[in-house]
Every structure is written in structure tokens, then in C-alpha cells.
Protein chains: 2
Amino acid sequence: MVTPYTDADAVALLHRHGINPTTQRVMITRVLFERGVHMAADDVFRIVNADDNQVSKATVYNTLGLLAEKGAIRQVIADPVKVFYDPNTSPHHHLYDEGTGELTDIDAIDVNVTGLPPLPLGASLQGVDVIVRFRQKK
Amino acid sequence: MVTPYTDADAVALLHRHGINPTTQRVMITRVLFERGVHMAADDVFRIVNADDNQVSKATVYNTLGLLAEKGAIRQVIADPVKVFYDPNTSPHHHLYDEGTGELTDIDAIDVNVTGLPPLPLGASLQGVDVIVRFRQKK
DNA sequence: CTTAATGCAAAGGCTTTGCAGAGAC
DNA sequence: GTCTCTGCAAAGCCTTTGCATTAAG
């Protein structure tokens, strides 16, 4: 499903995270937030360039890295081969199909993680990832 | 810390998982289980070849993959760049330092994950990974 | 002798980097 | 004019693969 997400929305989001909203960054942001689902860098690259726009691979990688670093999106490490980028930054978890490499969301509403130990001194928590890995029975 | 872990222990472990215990496989198994900590394939490769033994990179990768597939060790996907292999297959979770890439264990004894949704039909659970990501304050 | 495992080197996929050119203010 | 961003291509890193060689029973 494609949620309405305008250039103005993207610009606002970028500003909110202290990122200079250039043409390419806005395009990349829109691709992610319109669809609202995590994708790999390569997916973003392909989609951005689908409708004749031109954004280089380097810019896609750099921008995704920047967005993640600034907290506008979230990196999801679940696949041994590639990183997913998730526009959903609210607490939620992931279901990972080891057969297909497909990643889907689990709402965090009902999920509770308790009993975690305290962090090392001077450390700031970046997030708690819960990844449920499954495989289709053959 | 290096726990006593003999060739015979390694052979027994391999047998238990239906793996033919060849010289190289025993060496690799010992490296992991003596130290008892997760390491990347490259670490294993370096250690195995440290004391003049000769095991090729391909064999290290193949063996680690085989051990993981057979359930003798566990793959940990926490670093965007490389896969860790963990000789500890009992339930436990991980603390990941985004700055250094260092991975440490969290006992699962006190950790509880509740409220997970049911799996898709015909799926078998491979595991639930909890990864606590932190970063040193600068 | 037959089957399985190993080693080497090359290839592959994802990501990062260096640097020149283009764009923004 | 200065500073930032972009694009291209090359390089980097981890991992896999193909195939000939070697070991095992």
C-alpha cells in the first residue's frame, strides 16, 4: 500500500533530523516512507531510478546511512547478506524467513522483553531488536 | 578462558550431529569450543592456522556453515558486515557494541520475551534472537 | 576403486571510498 | 567563491563456487 507522502513531508522529516533536504535525499526518503516497509539499499536504488530519475548507487548508500545515523530510519540486521532499512522507527520487531530472506513486522504492542541486564557504564541504548527466525517445513 | 576440550570431545560432538569428523573439522570445532565464544569465520581461520596447521579458507567457511546447519553451533547476525558463529547453543541473547562491533552474551535466564504472534502455517521456529544494541557516549 | 572432503584461486554480492564535477547559497 | 552534495568507477570485504587434488574406507 502506498501512503500519501509528499515532497513536503519528506522535507519536513529531513529538517526534523537536521538533514539538508536535497533533491536526491527527498526522493529516497519518499520511496521508503510512501511504501512504509523495510527494504534493502538495492531495492531503494531500483525504485528511485524506476521512473527515469537519476540517483547514483553511492548517493543511495550514503543517504540511507545518513538517515539511519540521524535516527530518521532504522537499520535492521537480520539477513546475513544485506542490511534492511526500515522507515518505521516506532518499537516493533521482525519475523525473518530464512528460506526466502523475507522480513515482516511484528507489532511491539504485545511483545515484552523483560529481565535485560544493565548496560555497560557510559553506554547509550540504541535499540533492542527481536528477530524471530523461522523456516518453511519441507 | 580456555576450557579443556580435547579432540575426542570434538569428535563426539560431530558424531552427535551426524557430521563426519575429519581432521580439519575437528580442528575448527576445537577452536570454537575451547574458547567458548562467538567469532567470525576469519577469526577461526586465523586461529586454526596460527600453530602451523593448514586449513583453507573455503574449508573453514564450509565447515562453519555445516556445523550451523546441523545445529552444532549457532549463527549470530548482529554485525552488518560479518556473521558470528557461537558455540553456545543454549538459549541466550546478545549485547552488541555498534562502535567496536564487539558482541557479548546475555544469559537468557532472566530474559523473557512474551506476546509473540503465532508463526505462519507450516513454519518451524529456528530461534528468537534478542540483540541489544548500544553505543559508547562521546 | 569409489565416495567424500579439501584447497586454491577466481568470482560474486553488498557496501564504501576517492575524487572530480555539479549544485546551492 | 566557498561549501556541500552527487556521481562514477574502483576498491574493499566477506563469502561462495568450481574444479582438480587428496584422503578415507
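In what follows, every chain begins at residue 1, and chains take the letters A, B, ... in the order their sequences are listed.
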Exercise for review: Looking at every strand, decide which applies to Asn62(A) at a 4.0 Å heavy-atom threshold: base, sugar-phosphate, or nothing.
Suggested key: base
For atom [atom1] of [X] and atom [atom2] of [N], their distance in whole Å:
X        : N       : atom1 : atom2 : answer
Asp79(A) : dC14(D) : CG    : C1'   : 14 Å
Ile77(A) : dC14(C) : CD1   : P     : 15 Å
Arg25(A) : dG7(D)  : CZ    : P     : 11 Å
Gln54(B) : dA5(C)  : CD    : C1'   : 16 Å
Lys82(A) : dT16(D) : NZ    : P     : 14 Å
Arg46(A) : dT15(C) : CZ    : C1'   : 15 Å
Leu64(A) : dT15(C) : CG    : C1'   : 11 Å
Lys57(A) : dG12(D) : NZ    : C1'   : 15 Å

Practice item. Test Ile73(A) against every option in Asp86(A), Leu66(A), Leu64(A) by the side-chain contact (heavy atoms from CB on, under 4.5 Å) rule and name the one that passes. Key: Leu64(A)
According to a strict under-4.0 Å criterion, is [X] in side-chain N/O contact with OP1 or OP2 of [N]?
X        : N       : value
Tyr61(B) : dT15(D) : yes
Gln24(A) : dG7(D)  : yes
Ser56(B) : dT6(C)  : no
Thr22(B) : dT6(C)  : yes

Practice item. Could you label the plane-to-plane angle of the Phe33(B) and Tyr5(B) rings as parallel, tilted or perpendicular, counting under 30° as parallel and over 60° as perpendicular? Key: parallel
Review point. How many angstroms lie between OG1 in Thr59(B) and CZ in Arg25(B), if you round to the nearest 0.5 Å?
Key: 9.0 Å
Review point. How many angstroms lie between CG in Leu67(B) and CD in Gln75(B), if you round to the nearest 0.5 Å?
Key: 11.0 Å
Review point. For Val83(B) and Thr23(B), take the nucleotide of DNA chain D holding the closest heavy atom to each; which residue's nucleotide lies nearer the 5' end?
Key: Val83(B)
Point to revise | Selected nucleotide, minimal atom distance to Val55(B) side chain, candidates dC14(D), dG7(C), dG7(D) | key: dG7(C)
Exercise for review: Identify which nucleotide among dC8(D), dA9(C), dT4(D) has an atom closest to any side-chain atom of Ala58(B), counting heavy atoms from C-beta outward.
Suggested key: dA9(C)
Point to revise | Pair Ser124(B)-Gln126(B), side chain to side chain donor-acceptor pair (under 3.5 Å): steps then yes or no | key: CA-CA 6 Å; Ser124(B) 78; Gln126(B) 295 297 301; 3.3 Å; yes
